[in-house]
Amino acid sequence: PSALLVFIALFFGSLSLLDSNRNEYVKVEFDMPLCGIWSPAKKNAPFICLEPWCGRCDSKDFDGELQDREYGNKLKPSEEFENGYSITIY
């Protein structure tokens, strides 16, 4: 299991990590509705993951149909979906 935070990214399009002097040292820019921030729990891992997401799994208490899921992505036959993000290291 991981320590995981999920943010609805409606009001921001980037996340940055800052050093102890509050200087930005990595920035992830994206146009996606969600962002996961995580690191392996109880591992003393030397990293943190910033992951822009276009969708997510069901919430723990979800008991509906697939078409009723939050943040689902639907494509018609032969329709394509493309998205991306950028990572800047300072």
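Heads up: numbering here begins at 1 and tracks the sequence.
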Answer yes or no: is there a side-chain heavy-atom contact under 4.5 Å between L34 and P52?
-> no
Sorted by chain and residue number, the salt bridge (Lys or Arg N to Asp or Glu O under 4.0 Å) partners of E70 (sequence neighbours excluded) come out as R56
Would a hydrophobic clustering, with Ile, Leu, Val, Met, Phe, Trp and Tyr connected at side-chain separations under 4.5 Å, put V26 with Y90?
-> no
In chain order, what residues pass the side chain to side chain contact (heavy atoms under 4.5 Å, CB included) check against C54, with sequence neighbours excluded?
-> M32, N73, F81, N83
Output for pair (E24 CD, L15 CG), nearest 0.5 Å, gives 10.5 Å
Looking at residues at least two apart in the chain, or sitting in another chain, which of them share a side chain to side chain contact (heavy atoms under 4.5 Å, CB included) with D68?
-> F62, E65
Of all residues at least two apart in sequence or in a different chain, which pass the side chain to side chain contact (heavy atoms under 4.5 Å, CB included) check with Y25?
-> L17, D19
Could you go step by step and tell me if E29 and Y85 meet the side-chain contact (heavy atoms from CB on, under 4.5 Å) rule?
-> CA-CA 6 Å; E29 295 178 277; Y85 59 89; over 6 Å; no
Same apolar cluster: I48 and L18, side chain cutoff 4.5 Å | no
Only counting residues at least two apart or in another chain, list the ones meeting side chain to side chain donor-acceptor pair (under 3.5 Å) with S14.
-> none
Quick one: list whatever passes side chain to side chain contact (heavy atoms under 4.5 Å, CB included) with E80, sequence neighbours left out.
-> none
Same apolar cluster: I89 and F30, side chain cutoff 4.5 Å = yes
State whether the number of non-hydrogen atoms from other residues, nucleotides or ligands found under 6.0 Å of D63 atom CG is greater than 12.
-> no
